[in-house]
Amino acid sequence: MVARRFRYLAASNAARIWQGRLASTMTSSYRAPMANVSTPRYKAPIHLFDNNRNHTWTLLEACLDLNNFKRAESLILALENITQSSDLTMAVNMYLRKFIDTNPDRNQDVVDWLQLIKLKMPNFEPNEVTDALMLRNACLALPRSHSLLTKALSTLGKPKLISILNQRELLDVETVKQVVEYSQLDIQELSTPIQQLLQDDMSPLESTEIEDTNTVNDDEIVNISDPIAKNDADTLTPTSSIGLASIRYALKGLELNDNNEDHDILKLCALSNTPYSHNLEDINFFEMYQKIENPEDRKQFDAILEKLNIRRQQTLETKGLEAARMRWKYTFQRLVKLDQKSDANISLHSTDKLKWEWFQAMMPLVRKEIEIAKLLAPFPEFNKISTSVLDVLTDKNGYNLTRSEVKYKFFYAPFLLLVNPENLPALTMNELIRLHNQEFTLKSTILMERIGKNVEKEYQLGQQKKSIAGIKTEEASKDAVDLNPKDIETLPAIPHAKWDPETILRIGSLLLKMFISSARIRVSGKDPITGLEVKSTAPAFYHTYKYQMSTKIGIIKCNPNMNDILIGENQTINPQQLPMLCKPKPWTSWNSGGYWYANTSIIRTNNCPEQEAYIDVASSRNQLNAVYEGLNVLNDTSWTVNKNMLQLISKIWNSKETFIDIPAHVEAMPDLSSIPKPARDCDPAALRDYRRKCREVVLKNGSLYSQRCDLNYKLDIARALLGEKFYMPHNLDFRGRAYPLSPHFNHLGNDVSRSLLIFWEGKKLGPNGLWWLKLHLANLFGVNKSNYAERISFVDTNIEKVIQCAEDPLNKNNSWWKTADAPFQALAACIEIREALNCPQGHENYISHLAVHQDGSCNGLQHYAALGGDVEGAREVNLERADKPQDVYSRVLEIVKQKVAKDIIKGQALEKELEGKLTSASQNIKAQIEIPNLVSPILTRKIVKQTVMTNVYGVTFVGAREQISNRLADLPDFPKNKIFSSSAYLAKHVLNSVRELFESAHEIQDWLGMAAKRICNAVVIDKELSENYKSKKSKPKVSSVSAVIWTNPLGLPIVQPYRESKTRAVTTEMQNVYIVDPYSFQPVNTRKQRTALPPNYVHSLDASHMLMTARACANRITFASVHDSYWTHASDVDCLNKTLREKFVELHSTYLIEQLRNEFLQRYADHLEIVRIPADCDLAMEIKEVHLKYIALTKEKSSKTKLRILTASELVDLELRKDKVGSAVDIVRNYDRAKLEQLCAEPTKSSGSQKQKSLKTKSEEEFNDFTNEEEFSDSLDHSANASVSSSKARSIQILVPFYMPPIPKRGSFDVRKVLDSPYFFS
Amino acid sequence: MQNRTLECRKFFPRFRKTGVTLLNYDLGKKISSKLGYDKLTSFHPTVVDAYPECGVFSASLNSTLQPKKHILMEPLKMYSKGLQFLVQDNPKLMYTSNDPYDWTSFKELEEKGYLKEPVVPYSDVHPSLIYTANLVHTHGEQLVAQYLNCMLRRSWLFKYGRVRTLLWMNPKTALKILASPGYQNRARISCIREAVADYRVVIFHESPESQAKAKAKAAASRFQNEREYLTPLIPDSEIDFEKDFPYQNDFALIELIPRDNYIENLDEFEYVVTHLMMRMKVPLRVGLEYLGAGALEDLAPKLPHLINKTPFNMSHDEIMQIVEVFTLWPFKPKLLLDFYEESLLALGNN
DNA sequence: CCATTCTCTACCGACAATATCACTAGGTAATGC
DNA sequence: ATGTTACCTAGTGATATAAGTAATAGAGAATGC
């Protein structure tokens, strides 16, 4: 079963849990095996952490934010039982900080409160933060009362005081000054930075609540609910072309009033000698930039633009919702003015108006909920709600809620009060429409999650805005020349607990339900009796379920009368899903980097606290700096939109026709009437066919619909970013591969996306640049199997076409570019080449922005060959110099062809043998003769390619057969009924061929698979864990505890996340939602761990290679990458090639598999494996004695002490009680390992089991031979006696220390040969 | 025939764990007579016999009914020898290894003329066509459901009329399809059964352990249990299960006979039943929303007496009232079919 | 403990099933002393 | 004030859902006699 995973839950809460876990782990028997390897061990957090805790935490923060100290206090008290001491301290400190800030004059109360807390909670231990807060509290009392400070100082003691004062982040300067002054401390005793600080008299680094100038103020919000109000319509007038793209608006519309920005733009215009325009719509920064010739001026331009863009980025990230709401309102007002006639009707020409109406309809419901929340929020517990409030809520004539409804609402009440209510309908609508524009079916759970998550984001944004506003104004007052990202980076991170999934889903469902129950449209239908048209209004959406196979999913359906009006136009795009306008926040720790206002983890985890915990530890050990640096190189690469391509693709898009891989426009719901509906009493098969046909049409349509929506998104973003300088913030998947955070528009996307992107920075082509551009073009055409000279000559012979295509790509005669493998990128390259050739100063001086790619040829196999030192394999994947690139696919094809040829000969022989009897020969034999002949003529590179490629990912026979059958289905003349058998036949041969060709790679794969299996099947002796097993009703299972974990060469810990997750239901108003429970014990999914380890390990290597190369390119050349495709300017390709080869050599200079084995041995040193050894060997004898003791100890009183084979959980239990019966494992530890391995390898099966096997085959296959009575009865009688021979155990099961068998021997290939291998990457 | 049956008893696989196979020819005869099939002998009905396995029950049926054509459809190779043996020299008894799971197998029977029966109006039960199948296997329940759907549409064999359908099935399946409104196992499929078929329970056998479990469950349940009214024609006490059935598995032998109840607005019926039974324990005032945009506000006023009733408790007649109202609703969804999406296969991107 | 039956089938990015019920543990209210 | 019991609740695990499996194969895990 699959369920919702809450990614965000893990980010902060879980990591904190794990930290705590680690701390306690270190001191107990759970200390990590080796300091340098390791890291916390995965262990189910059993007692300390539960869901309740999460909710309590988040509630605490919410209550504090609402100044609800009473409830906060009761929450802290509740926390005591469910959390550990350090968290408790954190909670109390949060309380204190907030209380002191809010009530600077109630100083005595603060002291009293803390005393009380100390009394009530013995587990609470104040820390330095607490002390610092109390100091601050005491200082605030100063002019009035000195006693508090005196007391505080005396209890604190001098050493502690100095320690506190020396930590700048603990106290504001003012307090430090007061304390120093009052305690008459010698300033010399403090650390130098603090001394300086005191002398400089710098203002305190503390958040001050200064309103951001851009914030929509309350007056405006009040006005918004009034549609007639128009006073702000002028000031908020959006730019003329609203329809262009909403982001354009969000980007530019909101900044009109800012004088600073105008000032900056003025400067930019001056620098680039461009006429100034107040309207940002008209500004194309890229064109301005290109005009500048003087490098100094360019630098200055870049600096000013960066400064301007930092502000714009911040506005963009923080103002998304306000912008959308303003626009709807504006449109609505304008339309009301313009067409009075159709006032109440849906205005098809403006969805904005409709949205505004829905907004207004929903707002009263929101208000009502908020009223309820306000009534409920003050009470610390549900049971303490005063009867008067309860009466009000349950009043039949008032709110009319049931008791359980009140309880349900009480759960999330405080959270509803944290954000601007006006934003709630807006974000609900946005999410619904956004999803509607992505997916064909709107799954209600996705919607609830996204809406709830957005409420949380809205809240956090508000929190962060407050603190940033403080910094910004502070910096501004200092008249800083530019607001360097570095300055913001030093901000203390605002700690906040992530909302728990229950809260998120319940708030999400509440809003969603309010929305769909209020949003209405006009509908028309036909009365089935009268046949007349009936008009009415109806909900625009409704909630229902649908079956997917046999399982049901909750969905939101559109009213069919909506006619797709919400699709396409005027979407709002989440700003944190866009490329960034300024340099991304650099990665400095595992959870700081990327967008400015989002807490992004460096690793994309699917709510796997284990992964986070390992990353966190590695990060705190400064083990990840190389990773950060590499990633920051990718982040700092600036891009812009390729205007030529954007214009072209827009043109194609607007034609709504299919063009290459751009699908034509489709309706969301296709017309099914063209499929004839069979008669009601038709054959069931016919009915099935009809339904299948309908389904195919619907799904095909849905896929086109999604594609079209996706491209629409891309183009929308590209249009908005035209002329902008932007960046792609990246993070990593769990194996370390880098991905841009912007999911829609990025350079990892398809051909269209890639063709829309060019480097912002331009570089002169120089002497080799044109050559590389040509090569690039050839590669994009798929001409990459021939040597360089041939590729270049391919372009040279087609140079006329290149130029024609570049000049008029849509001309029917110039369709050459469409034949390329990647047509749009190819066209972009054609245009670039033409421009270069036309450059008046010569092509060497042409400034090129195009990214030239260098791709590894079968990168996975390259790494395998380097790992195994495989001479032959290395040659096949171009690790060695050759005149011509080796093509793996062609090589495999050759071998397959040979095999097929052999089979044909064999078949001919067979045919002769069976001459005459052929007709009676079995189907099987016929196929043996027929298939090779059938397949032989159609064998092409294309047929084997996918299978060879995916072989690295562990494709199995079934998958390979599927792939090949797809290829065969593409062949028009291939007999359809033979596709299946032919593809099975070919799949077998292809897989065998690859295995033969890359024997060494497969040895490594097999070794890795074996290692994963051993790790996952290993057991851990752990009391807590085994108790957890026992408590469950299910069968005790002691293995499947540890995942496969390793460290990549850059120091990134990699945890394979595949576990069997348990789910938990969250009841919401609409339906139940099932979420993965990260707090339950999740046994590892051994199969997945095993099959995925080889590809993941190799990917972790190629990721390392990429990041190493990126680091080496920093400050020298521009670098971008798509996993194993490295990009740079044409002029720098030589440099890139040199660098990437050097790094490859560096990476493989050690035998990484050996290193991996050592790491495994260390990491799993305290694991034990379950093995079988012959029952009669000396070791077994010794162990049996211990087992016997254990059996005697645990037996029921009545039963006899008789030796039997212990189960795995009993073996573990035995070790737990080893002080009573002695440890069996210790006996094994003293036993010779090599001999032990031999014992394990010894076949435990003797002749007896072979007999059994033959019996089995008989039962299955030769049953038909039972035709005579005796044999029949005979076999009946004996069936019960089959186990006679097995009544004596021939082997016993024991625990042995964890071990890794030796690794395959590394071959003799010298990796340094890649240094002069031209086609390694090409 | 009986002698031959003794022979064919040999042809069952001893290593199976699942399934139910009758080995007692006499019990077979008893079943036939309890069902009154001995009165049909004069019609010499055509018998379509799916998954006869080693054929003991088929033989007994054959002897009782004296069919003009008795078609054994058994795809499993392991039974072929035995069945060949059973049918040899008897032109009225035929054996095919075509899979009754495959609808085309039946088409073939019709096309080749093995299955030639008149269409009998639904006012009477079809006297000369009987379908029997042993569905105690992994896809048995699916087939039972399909047969009920065919009865609903009057397709497949049911285009010939109200064909007696005698099915060996898992007792759980039996409970599910036979559950009355308000009973524990009431489900979508029991609504459909209620609409289209009458039934007789011939045998309802559960092992003592299963029985105990079922009893405990029934006692604890808030709902009534179907076992209360499902009294088998042949009580357990009359059968020696250990002797007569080689694999000790639970089963029920149920006869279904299509009802003379034609449902006009079939699509609407299926749609309404499916969508309401998705959450059968919520009252109609909640569940109506699932039928379409505005269904609740538009349809509720027309069903005031049902609005607080749950679909779980609704009889066929009550469901039909909703179906009628829904059919006449001007704003009902135009497309009454839902399409599930398959997890999309990763396509090679080149 | 071994034989039968079930499950799954290419890595990552990625994106997902729900309703309902019986049972249990743990707490609260009620009641009796 | 404290013990006991009935009652209530939330949480958990189990089970059913729909209703073609269009074909095939082989390994490994789970199940159960």
Side-chain angles (χ1 to χ4, degrees), chain A residues 1-5 7 51 383 438-439 443 445-446 449 545 547-554 604 606 684-685 688 692 733-735 737 739 743 748 860 946 949-963 965 977 979-981 983-984 988 1032-1034 1062-1065 1071-1076 1086-1087 1090-1092 1094-1096 1098-1099 1123 1205 1245 1249 1252-1253 1255-1256 1259-1260 1282-1283 1286-1287 1289-1291, chain B residues 15-18 99 101-103 138-139 141-146 148-149 172 176 184-185 187-189 217 220-223 274 277-282 340 346:
Chain A
M1 184 164 84
V2 203
R4 188 147 305 272
R5 286 183 165 267
R7 215 174 309 152
N51 313 306
N383 294 331
Q438 258 168 40
E439 305 264 341
K443 293 182 184 151
T445 49
I446 294 181
E449 184 199 331
Y545 299 84
Y547 283 108
Q548 185 159 291
M549 303 300 283
S550 66
T551 61
K552 50 192 152 205
I553 52 173
R604 296 169 184 228
N606 244 332
R688 190 218 325 148
R692 196 203 289 151
D733 70 14
F734 70 90
R735 303 152 321 156
R737 278 189 161 197
Y739 300 83
L748 260 71
Q946 195 187 9
M949 198 159 57
T950 52
N951 182 65
V952 185
Y953 306 137
V955 77
T956 59
F957 170 72
V958 175
R961 187 191 57 199
E962 195 63 26
Q963 296 166 351
S965 86
N977 57 340
I979 286 181
F980 194 79
S981 45
S983 52
K988 215 166 232 167
K1032 303 284 183 242
K1033 268 179 257 169
S1034 55
K1062 286 206 179 70
T1063 58
R1064 198 157 49 81
Q1071 62 175 77
N1072 285 358
V1073 181
Y1074 294 80
I1075 61 170
V1076 171
T1086 310
R1087 189 197 187 106
R1090 183 167 50 76
T1091 55
N1096 283 343
V1098 168
H1099 283 324
H1123 306 318
I1205 292 176
K1245 291 183 173 67
S1249 64
Q1252 294 251 326
K1253 239 184 188 161
L1255 210 69
K1256 173 196 163 195
S1259 77
E1260 283 182 347
S1283 61
S1286 65
S1287 64
R1290 281 182 308 277
S1291 65
Chain B
F15 297 98
R16 268 177 70 185
K17 288 179 183 173
T18 55
D99 194 341
Y101 184 83
D102 191 347
W103 300 115
T138 42
H139 296 293
E141 177 154 318
Q142 188 192 41
L143 284 173
V144 175
Q146 310 248 30
L148 288 170
N149 275 322
K172 279 186 177 162
K176 211 170 1 190
Q184 219 173 316
N185 290 293
R188 191 193 77 100
I189 198 69
K217 227 178 173 182
S221 174
R222 309 189 332 255
F223 305 102
T274 304
M277 292 304 278
M278 273 173 173
R279 293 196 69 177
M280 55 184 169
K281 302 287 170 77
V282 298
Y340 60 86

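Each chain gets a letter, A, B and so on, in the order the sequences are listed, and its residues count up from 1.
- Between A:Arg961 atom CZ and C:dA10 atom P there is a gap of 11 Å when expressed in whole angstrom units.
- For A:Gln963 and C:dA10, a side-chain-to-base donor-acceptor distance below 3.5 Å is present, hydrogens and geometry of angles not being considered.
- Donor-acceptor pairing under 3.5 Å, judged by distance alone, is absent between the side chain of B:Arg188 and the base of D:dT17.
- Among the heavy atoms of the strands lying under 4.0 Å from B:Leu143 is at least one base atom, whether or not backbone atoms are also near.
- Residue contacts shown for B:Met277 are absent, as no nucleic acid heavy atom lies under 4.0 Å away.
- Summarising the base pairing, C:dA10 is matched to no nucleotide, lacking a Watson-Crick or G-U wobble pair whose two defining distances lie under 3.5 Å.
- B:Arg222 comes within 4.0 angstrom of sugar-phosphate atoms only, judged by non-hydrogen atoms across all strands, and of no base.
- Rounded to an integer number of Å, the gap from CZ of A:Arg1090 to C1' of D:dA27 is 8 Å.
- By the neighbour-count criterion of 12 heavy atoms within 6.0 Å, atom NZ of B:Lys172 is sparsely surrounded, having that number or fewer from other residues, nucleotides or ligands.
- Note: CG (A:Asp733) to P (C:dC11) measures 14 Å, nearest angstrom.
- Looking at B:Tyr101, its side chain has no donor and acceptor atom pair within 3.5 Å of the base of D:dA22.
- Following rounding to the nearest Å, A:Tyr547 (OH) and D:dA18 (P) show an atom-to-atom distance of 4 Å.
- In this structure, A:Ala1065 reaches neither bases nor backbone, as no heavy-atom distance under 4.0 Å exists between it and the strands shown.
- Atom P of D:dA23 sits at a distance of 35 Å from the matching atom of C:dG13, rounded to the whole Å.
- Across all strands, B:Gln142 comes closer than 4.0 Å to base atoms (heavy-atom distances).
- Using atom P as the reference point in both D:dA22 and C:dC15, the two lie 28 Å apart (nearest Å).
- Applying the 3.5 Å distance criterion, the base of D:dA19 shares a donor-acceptor pair with the side chain of B:Glu141.
- When heavy atoms are screened at a 4.0 angstrom cut-off, B:Ser221 is found touching the sugar-phosphate backbone but no base atom.
- Across every strand in view, D:dA23 sits unpaired, with no contact that passes the Watson-Crick or G-U test at under 3.5 angstrom.
- If you take atom P in D:dT31 and the same atom in D:dT15, they sit 12 Å apart, rounded to whole Å.
- Rounded to whole Å, the C1' atom of C:dA30 lies 14 Å from the corresponding atom of D:dT2.
- A donor and an acceptor atom never sit less than 3.5 Å apart when one is taken from the side chain of A:Arg604 and the other from the base of C:dC12.
- The distance from atom CG of B:Asn185 to atom C1' of C:dA22 is 14 Å, rounded to the nearest whole Å.
- Comparing the local axis fitted to the first five base pairs of the helix from C:dA17-D:dT17 to C:dA30-D:dT4 with the one fitted to its last five gives a bend of 0°, rounded to 10°.
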